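Below: one structure, written as structure tokens.
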Amino acid sequence: MPTRVLSGPEPIATPADIAGEHASDDPKIIALIAAVQAEIDGPSGWLGRALGKQKLEFTAAAFPCRDPIERHNFRLYPVVIPGSILMTYRDKDGVEQTIGPENYRLVGDRYVDFVRGYRIPPTECAPDAVRLVYEAGYNGIAIADGGTGSVPPNAKAAVVLGVQQMKAISAENLFLRSEEVEGVGTFQYTVSEQAGSIISKAADRLLEGLRVYS
């Protein structure tokens with residue numbers, strides 16, 4: 001039951017949050033923020049939850065029975081944004097069908113249950129016969145108003161701290177994946193294993209209360 005990122009995540013910090021002399025749209029600082037956030041955020045990060053708003057896809061071979069321990073049909077990647085789930089499946093003839101939102105509900109910030117009395121349909125025999133596309137992360141809308149709230153301050157602080165750490169260590173710990181030099185450059189960085197460990201240690205205490213173990 002893999003989860004993959006379709007788009008995002010949106011950055012949870014800006015160059016203005018990073019100490020030093022640089023422009024508010026400095027592409028290198030923006031790229032560093034993205035690289036540090038990627039170590040923490042989303043399905044590829046170690047925190048176990050989405051921070052910046054992102055679109056995710058969950059696939060399964062069939063509709064699961066309700067888990068006897070967790071008592072839920074689906075366990076998605078938190079934090080799921082209410083009202084964003086699109087649930088589809090391919091029937092026995094391979095035709096895509098949509099299950100209306102009136103037939104399921106979001107429980108907490110990650111679980112999805114079918115409503116009582118809903119008859120689960122048969123599916124095509126395929127590893128991705130069932131597909132849930134949804135948005136996750138903090139969208140800046142109050143929970144009382146149907147949103148997921150603002151990005152926790154300690155999460156933002158962890159990304160800022162990680163960027164400061166990356167600026168302080170040697171350039172060999174940054175791998176430049178792409179660059180467009182003319183005009184305003186476009187940079188994409190990924191970090192080495194050593195640098196990833198530095199980021200993790202620097203942010204660990206800040207993020208311990210947000211970590212999801214699953």
Side-chain angles (χ1 to χ4, degrees), residues 1-12 34-35 37-141 143 145-149 151 155 177-178 188 190-191 193 196 207 210-214:
M1 297 183 181
T3 295
R4 68 182 183 122
V5 178
L6 299 180
S7 64
E10 296 179 357
I12 63 172
Q37 189 173 327
E39 289 288 307
I40 300 168
D41 193 358
S44 63
W46 54 260
L47 186 59
R49 72 170 62 220
L51 297 173
K53 185 178 175 182
Q54 53 200 278
K55 180 175 284 189
L56 304 178
E57 178 192 61
F58 168 92
T59 56
F63 290 106
C65 296
R66 186 162 294 193
D67 188 291
I69 298 176
E70 295 186 337
R71 302 181 184 277
H72 299 289
N73 290 109
F74 293 102
R75 182 176 64 181
L76 302 181
Y77 200 85
V79 178
V80 178
I81 297 175
S84 70
I85 300 172
L86 174 64
M87 186 185 301
T88 62
Y89 70 97
R90 293 195 303 276
D91 63 22
K92 285 188 172 182
D93 296 321
V95 178
E96 185 172 272
Q97 307 287 348
T98 299
I99 296 180
E102 69 276 7
N103 295 307
Y104 55 86
R105 65 190 183 98
L106 178 65
V107 181
D109 63 6
R110 73 178 306 183
Y111 299 105
V112 176
D113 288 342
F114 289 114
V115 298
R116 186 178 298 274
Y118 179 72
R119 298 184 64 179
I120 296 176
T123 66
E124 178 185 46
C125 183
D128 59 348
V130 177
R131 182 172 181 256
L132 280 72
V133 174
Y134 61 99
E135 292 181 338
Y138 296 94
N139 64 356
I141 300 174
I143 295 175
D145 295 328
T148 51
V151 175
R177 293 191 301 182
S178 67
Q188 286 187 333
T190 186
V191 298
E193 183 177 349
L207 294 173
L210 292 174
R211 194 163 189 174
V212 176
Y213 298 90
S214 58

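Only a predicted model underlies this, so the values are computations on that prediction, with no experimental measurement involved.
- The closest side-chain heavy-atom distance from Trp46 to Ile40 is below 4.5 Å.
- With respect to Met87, the side chain to side chain contact (heavy atoms under 4.5 Å, CB included) criterion is satisfied by exactly one of Phe58, Tyr134, Phe114: Phe114.
- Proximity of a side-chain donor or acceptor of Asp145 to a complementary backbone N or O of Gly147 within less than 3.5 Å is not detected.
- Note on Lys53 versus Glu10: no salt bridge recorded, every NZ/NE/NH1/NH2 to OD/OE distance being 4.0 Å or above.
- Although no hydrogens or angles enter the test, the distance criterion places no donor-acceptor pair under 3.5 Å between the side chain of Thr123 and the main chain of Ala129.
- Arg49 and Tyr138 form a side-chain donor-acceptor contact under 3.5 Å, judged by distance and modelled atom types alone.
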Q | Candidate pair Glu135 and Lys55, rule salt bridge (charged side-chain N to carboxylate O under 4.0 Å, His left out), full reasoning | A | CA-CA 4 Å; Glu135 292 181 338; Lys55 180 175 284 189; 5.2 Å; no
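- The structure places CG of Leu56 at 6.5 Å from OG1 of Thr3, a figure rounded to the nearest 0.5 Å.
- Looking at every heavy atom in both residues, Pro9 comes nearest to Gln54 through CB-NE2, 3.4 Å.
- In this structure, the separation between CD1 on Ile120 and CD1 on Ile99 is 8.5 Å, given to the nearest 0.5 Å.
- Two residues are said to be in side-chain contact when any heavy atoms from C-beta on lie closer than 4.5 Å; Ile12 and Gln37 meet this criterion.
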Q) Should Asp109 and Val80 be marked as a side chain to side chain contact (heavy atoms under 4.5 Å, CB included) after you check the CA-CA gap, both sets of side-chain angles, and the distance that decides it? A) CA-CA 5 Å; Asp109 63 6; Val80 178; 5.6 Å; no
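- Judged by distance alone, with hydrogens and angles left aside, the side-chain atoms of Tyr104 form a donor-acceptor pair with the main-chain N or O of Ile85 at under 3.5 Å.
- Nearest heavy atom pair, residue Tyr89 against residue Pro122, reads CE1-O, 3.8 Å.
- Nearest heavy atom pair, residue Phe74 against residue Pro64, reads CE2-CD, 3.5 Å.
- With Arg110 contributing its side chain and Leu76 its backbone, the two residues share a donor-acceptor pair below 3.5 Å.
- Here the CZ atom belonging to Arg105 is positioned 9.5 Å from the CZ atom belonging to Arg116, to the nearest 0.5 angstrom.
- Contact detail for Ser44 and Ala38: the closest heavy-atom pair is OG-O, 3.8 Å.
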Q.
If you apply the rule side chain to side chain contact (heavy atoms under 4.5 Å, CB included), what do you find for Thr98 with Leu86, and how did you get there?
A. CA-CA 8 Å; Thr98 299; Leu86 174 64; 4.0 Å; yes
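- For the pair Pro43 and Val5, the minimum side-chain heavy-atom distance is below 4.5 Å.
- Note that CG of Asp41 is 7.5 Å distant from CG of Leu47, once rounded to the nearest 0.5 Å.
- In this view, Glu96 satisfies the salt bridge (charged side-chain N to carboxylate O under 4.0 Å, His left out) rule with no residue, not counting sequence neighbours.
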Q: Take Lys92 and Glu124 through the test salt bridge (charged side-chain N to carboxylate O under 4.0 Å, His left out) and record every step on the way to the result.
A: CA-CA 4 Å; Lys92 285 188 172 182; Glu124 178 185 46; over 6 Å; no
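- A donor-acceptor distance shorter than 3.5 angstrom exists from the side chain of Asp91 to the backbone of Asp93, with no hydrogens or angles considered.
- We find the CG-OG distance between Leu106 and Ser84 to be 8.0 Å, quoted to the nearest 0.5 Å.
- Remark: the backbone N or O of Gly137 is paired with a side-chain donor or acceptor of Thr148 at under 3.5 angstrom.
- Using a 4.5 Å heavy-atom cutoff, the side chains of Val130 and Leu132 are in contact.
- With a 4.5 Å cut-off on side-chain heavy atoms, Arg90 and Asp128 count as touching.
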